[in-house]
Colleague: 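Handing you a structure now.
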Amino acid sequence: MKCTELPTSPWTRLYLPISWMSEIGNGLTNTVVGPMQPYLAANVGTDIATINLLWTFGNFGYIVGCLAAGTLYKRFITTQAQKMVFLGITIALTGLTSCIMPFIQSFWLLMMCRLVQFVCQGMYVTADCITVVLCMGPVISRPFTMALHATIGMGFLLATFIVQPFLPNLSGQLAQDTICDTKRTVEEMQTSVDEIPQMGGIQSIAWPFLIGGLWCVVGGLGYFYLGLCKHTMPIYQVEEDKSSSTENQAKGISCQILTLFSLLIFLFYTFSGAVERTFQSMSTTWSMCGPLQLDPGMAALTDSFYNGGFMCGRITGSVLAGVLRPSSMVIISVLSVSGASLLLILIGSLHYAGLYLCAAMIGFFVSWQFGALFSWSAKRVDVTGNISPIFFLGCGVGSLASPPIAGFIFTANPQNVLYLVFLLSLGQVALAAGLWGMDRKKVFQRR
């Protein structure tokens, strides 16, 4: 197995750092919303439960973007210049919409902006992942697929530190009265807006959105350069002899087997996306407005620990992808997330140290799931073709559904959010067992 080989193409060696830097910006624009969510709610005159619809609208757009890119990118966007312009435009628009969000004062306009942002983000991430496999093949690309997602994790973590200097200095009862009350009047909401300090002539909460947005715009310029440079983009399918390659993909799979495999993959990614988005949308809110009632800075650290674990997991996964089978990484991941979720229920509401520890553990192991299962699938089906949207579509559906559900059950009892994460993790264990069983029965033809 040669999955630890480095790419030899000069174009690929330029592409990888540009992709990684852009994916950091992608992670920034995605995650910065979580810690700032209560203050965006104040800006548009709504409560902390309703503002969770940001994730629903956004991830509906993500699904649309994934489907569009999965359908168009390989089939109709065929030249090097076309592919890189597509990547450059979609990541740049992701950044520009981030720059606009903190200045919007209409709830529905904010929802539409998030929708457009995630349409672009879905197209970008899908196309970027396809490009990695397209250039290097399904085996050599394994650690680089994990590395791509590790850089998204870096963006997640970096966002939680970037927001810290710009968080309004609300604490104790003041924070509970102005942010956590779901039955505030319009006048009380306006008071919350007035308490957000100004920095450089704009609200302090706007600066993290601007930093992440401009980062993505710069990344877009890097893709434009790749489309116009003298180096040629390598295409694995053209360069390798499929009839003799040891990386040959499964052929002759029956329609029933492919349908079952696709369904299990879709559901697995749905549950994985639900776990991720429940944390991203609720961790700061739960920490600040739940049983611990932490101040905004301490509450935002929950995001930092979760995303720190996520980033470390992605980096570790990139290394382990060259040693462990993708199936082994998936099994280890789901069992660990399930165990950490149970521990979170037992100690997460008792002390912030237990909350931080469990958040980091869940972030670490859930971060393996996308890249590991993507690589597991790449050995069996053509993940650069028509099946490619399934991975991102599953994540999108889970990401769309879980935030409003989490917000709703939070208002009944904050502890319900922890139960939701545990139930989702148990579902992943069952789905991973089903995929492992298909492998054991050798339903795929392999070389």
Side-chain angles (χ1 to χ4, degrees), residues 22-37 40-41 44 50-73 86-104 106-130 148-149 151-153 155-156 159 208-210 212-213 215-217 219-220 269-270 272-282 307 370 388-407:
S22 299
E23 292 289 4
I24 290 175
N26 176 31
L28 279 173
T29 59
N30 191 316
T31 303
V32 74
V33 171
M36 295 301 187
Q37 195 167 293
L40 290 177
V44 298
T50 306
I51 198 64
N52 261 18
L53 287 173
L54 269 174
W55 299 92
T56 300
F57 275 79
N59 287 293
F60 176 76
Y62 188 86
I63 292 171
V64 173
C66 291
L67 288 172
T71 302
L72 300 174
Y73 187 69
F86 180 88
L87 288 167
I89 289 175
T90 51
I91 189 61
L93 288 176
T94 298
L96 290 174
T97 49
S98 178
C99 293
I100 295 170
M101 286 181 64
F103 301 101
I104 295 174
S106 163
F107 174 78
W108 291 110
L109 188 57
L110 182 64
M111 296 298 112
M112 290 301 104
C113 184
R114 186 69 162 170
L115 175 69
V116 172
Q117 182 185 50
F118 269 54
V119 169
C120 296
Q121 188 182 94
M123 289 193 291
Y124 168 71
V125 174
T126 303
D128 207 25
C129 287
I130 290 174
L148 183 150
H149 292 283
T151 57
I152 299 176
F156 289 169
F209 290 90
L210 294 173
W215 188 309
C216 289
V217 171
Y269 278 107
T270 297
S272 183
V275 171
E276 288 189 37
R277 289 298 183 264
T278 298
F279 264 90
Q280 287 185 321
S281 65
M282 291 302 298
N307 289 302
F370 191 100
S388 63
I390 286 179
F391 308 94
F392 306 96
L393 183 61
C395 280
V397 170
S399 300
L400 181 153
S402 60
I405 294 172

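Owing to the predicted nature of the structure, the values given are computational and were not obtained by experimental measurement.
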Colleague: Could you grab the distance from atom CG of L54 to atom CG of L110, nearest 0.5 Å is fine?
Modeller: 4.5 Å
Colleague: With a 4.5 Å cut-off on side-chain heavy atoms, are F279 and N307 touching?
Modeller: no
Colleague: Just how far is it from atom CG of L400 to atom SG of C395, taken to the nearest 0.5 Å?
Modeller: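 Answer for the CG-SG pair, L400 versus C395, is 12.5 Å.
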Colleague: Output all residues satisfying side chain to side chain contact (heavy atoms under 4.5 Å, CB included) with C99, sequence neighbours left out; order by chain, then residue number.
Modeller: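 By the side chain to side chain contact (heavy atoms under 4.5 Å, CB included) rule, C99 matches L210, L214.
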Colleague: Check whether T270 reaches the backbone of V397 with its side chain - one donor and one acceptor, N or O, closer than 3.5 Å.
Modeller: no
Colleague: Hey, are the side chains of M282 and R277 touching, using non-hydrogen atoms and a 4.5 Å cut-off?
Modeller: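 When only atoms from C-beta onward are counted, R277 and M282 do not touch, as no gap falls below 4.5 Å.
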Colleague: Is there a side-chain contact between W108 and L53 (heavy atoms, below 4.5 Å)?
Modeller: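 Result no, sub-4.5 Å side-chain heavy-atom pair not found.
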Colleague: Donor-acceptor pairs under 3.5 angstrom involving side-chain atoms of residues 23-30: please list them, not counting sequence neighbours.
Modeller:
residue	atom	partner	partner atom	Å
E23	OE1	N26	ND2	3.0
N26	OD1	Q121	NE2	2.8
T29	OG1	G25	O	3.4
T29	OG1	N26	O	3.0
N30	ND2	Q121	OE1	3.2

Colleague: Kindly write out the residues that satisfy side chain to side chain donor-acceptor pair (under 3.5 Å) with S272, not counting sequence neighbours, or none if the list is empty.
Modeller: Q369
Colleague: Sequence neighbours excluded and cut-off under 3.5 Å, please list the side-chain donor-acceptor pairs for residues 59-66, or say none.
Modeller:
residue	atom	partner	partner atom	Å
N59	ND2	W55	O	2.6
N59	ND2	S399	O	3.1

Colleague: Report the C-alpha distance between V44 and I51 in whole Å, list the side-chain angles of each, state the deciding distance to 0.1 Å, and finish with yes or no for side-chain contact (heavy atoms from CB on, under 4.5 Å).
Modeller: CA-CA 9 Å; V44 298; I51 198 64; 4.2 Å; yes
Colleague: Without swapping roles, check the side chain of N52 against the backbone of P404 for a donor-acceptor pair under 3.5 Å.
Modeller: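 Side chain of N52 to backbone of P404: no pair is present.
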Colleague: Answer yes or no: is there a side-chain heavy-atom contact under 4.5 Å between T97 and R114?
Modeller: no
Colleague: Mind checking what makes side chain to side chain donor-acceptor pair (under 3.5 Å) contact with T50, not counting sequence neighbours?
Modeller: D47
Colleague: Among all residues two or more places apart in sequence or in another chain, which pass the ring-ring contact (aromatic ring centres under 6.0 Å, His included) test with Y269?
Modeller: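 Checked Y269 against ring-ring contact (aromatic ring centres under 6.0 Å, His included); matches are F370, F391.
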Colleague: Residues in side chain to side chain donor-acceptor pair (under 3.5 Å) with T278, at least two apart?
Modeller: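 By the side chain to side chain donor-acceptor pair (under 3.5 Å) rule, T278 matches no residue at all.
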Colleague: I'd like to check the side chain to side chain contact (heavy atoms under 4.5 Å, CB included) partners of A127; sequence neighbours left out, ordered by chain and number.
Modeller: Y73, F86, L87
Colleague: P208: what forms a side chain to side chain contact (heavy atoms under 4.5 Å, CB included) with it, not counting sequence neighbours?
Modeller: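 Result, side chain to side chain contact (heavy atoms under 4.5 Å, CB included) vs P208: V32, M36, I162, V163, F166.
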Colleague: Taking C-beta and beyond as the side chain, do I89 and L93 meet within less than 4.5 Å on heavy atoms?
Modeller: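 Side chain of I89 against side chain of L93, heavy atoms only: contact under 4.5 Å found.
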Colleague: Is there a donor in the side chain of T31 and an acceptor in the side chain of Q280, or the other way round, less than 3.5 Å apart?
Modeller: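 Yes - a donor-acceptor pair under 3.5 Å links their side chains.
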Colleague: Can you give me the closest heavy-atom contact between P403 and G398, atom names plus distance?
Modeller: CD-O, 4.4 Å
Colleague: At what distance, to the nearest 0.5 angstrom, does OH of Y124 lie from SG of C129?
Modeller: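 Rounded to the nearest 0.5 Å, the OH-SG separation comes out at 9.0 Å.
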Colleague: Applying side-chain contact (heavy atoms from CB on, under 4.5 Å), run through I104 and C113 and close with a yes or a no.
Modeller: CA-CA 9 Å; I104 295 174; C113 184; 3.7 Å; yes
Colleague: Apply ring-ring contact (aromatic ring centres under 6.0 Å, His included) to F118 and list each qualifying residue two or more places apart in sequence or on a separate chain.
Modeller: none
Colleague: Which pair of heavy atoms, one from C216 and one from G95, lies closest together, and at what distance?
Modeller: CB-CA, 3.6 Å
Colleague: What residues, two or more places apart in sequence or in another chain, satisfy side chain to side chain donor-acceptor pair (under 3.5 Å) together with E276?
Modeller: none
Colleague: Might you point out which heavy atoms bring T94 and C120 nearest each other, and give the distance in Å?
Modeller: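 The answer is OG1-CB, 3.5 Å.
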Colleague: Hey, are the side chains of V33 and M101 touching, using non-hydrogen atoms and a 4.5 Å cut-off?
Modeller: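 Yes, at least one pair of side-chain atoms sits under 4.5 Å.
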Colleague: Listed by chain and number, what are the ring-ring contact (aromatic ring centres under 6.0 Å, His included) partners of F107, not counting sequence neighbours?
Modeller: none
Colleague: If you round to the nearest 0.5 Å, how far is OG1 of T71 from CE of M123?
Modeller: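 One gets 12.0 Å once the value is rounded to the nearest 0.5 Å.
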